Amino acid sequence: MSLNHSPETQTKLIARVPTITGRQLPEWFQAIDNGPAFLRCDERANWLADEHGLTHGYAAAIVHEHERHRRNRMGFI
C-alpha cells in the first residue's frame with residue numbers, strides 16, 4: 001500500500017474524511033497520537049484501517065495529513 005497519493009487525490013480524500021468517516025481530522029489525529037507508537041507511516045495506516053474499519057486509502061491519507069501537521073507544528077519543512 002502506498003502512502004503517496006497525488007496532491008490532488010490527497011486533497012480530495014481529506015475533504016471527504018468527515019463525511020465518509022463521521023469524524024473530523026482532529027479526532028483522527030488524536031486517535032493516531034493515542035494509538036500504538038509505530039515508527040513507520042504504513043504501520044500507522046494499517047493499524048488505523050484495521051482498528052477503525054477504514055479503507056487503506058483513507059487511512060493512508062489521514063496518516064499523511066497527520067505527519068504534515070506534525071512537521072508543521074515542530075517547524076520542519
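If you're wondering where the values come from, they're calculated on a predicted model, not measured in any experiment.
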Only counting residues at least two apart or in another chain, list the ones meeting side chain to side chain donor-acceptor pair (under 3.5 Å) with T11. none
Side-chain atoms of residues 29-38: list all donor-acceptor pairs with protein atoms under 3.5 Å, sequence neighbours left out, distances to 0.1 Å.
unit_1: D33; atom_1: OD1; unit_2: H66; atom_2: NE2; d: 2.7
unit_1: N34; atom_1: ND2; unit_2: Q30; atom_2: O; d: 3.3

Shortest non-hydrogen separation from A45 to A59 and the atoms involved: O-CB, 3.4 Å
Holding to side-chain contact (heavy atoms from CB on, under 4.5 Å), I want the full list of residues that pass it with E51, two or more places apart in sequence or in another chain. W47
To check you understand the geometry: which heavy-atom pair defines the closest contact between Q10 and A61, and what is its length? NE2-O, 2.9 Å
Can you measure from OG1 (T21) to NE2 (H52) and round to the nearest 0.5 angstrom? 10.5 Å
Can you list every pair that meets salt bridge (Lys or Arg N to Asp or Glu O under 4.0 Å) and has a residue in residues 11-20, with sequence neighbours left out? E8-K12
Atom pair CG/SG of L48 and C41 - distance to nearest 0.5 Å: 11.5 Å
List in chain and number order the residues that pass side-chain contact (heavy atoms from CB on, under 4.5 Å) with T19, two or more places apart in sequence or in another chain; answer none if no residue qualifies. none
The criterion is side-chain contact (heavy atoms from CB on, under 4.5 Å); which residues satisfy it with T55, sequence neighbours excluded? Y58
With sequence neighbours excluded, what pairs up with E67 under the side chain to side chain donor-acceptor pair (under 3.5 Å) test? R44, R70
R68: partners by salt bridge (charged side-chain N to carboxylate O under 4.0 Å, His left out), with sequence neighbours left out: E65
Stepwise side chain to side chain contact (heavy atoms under 4.5 Å, CB included) test for H56 and N46: CA-CA 7 Å; H56 284 281; N46 287 333; 3.2 Å; yes
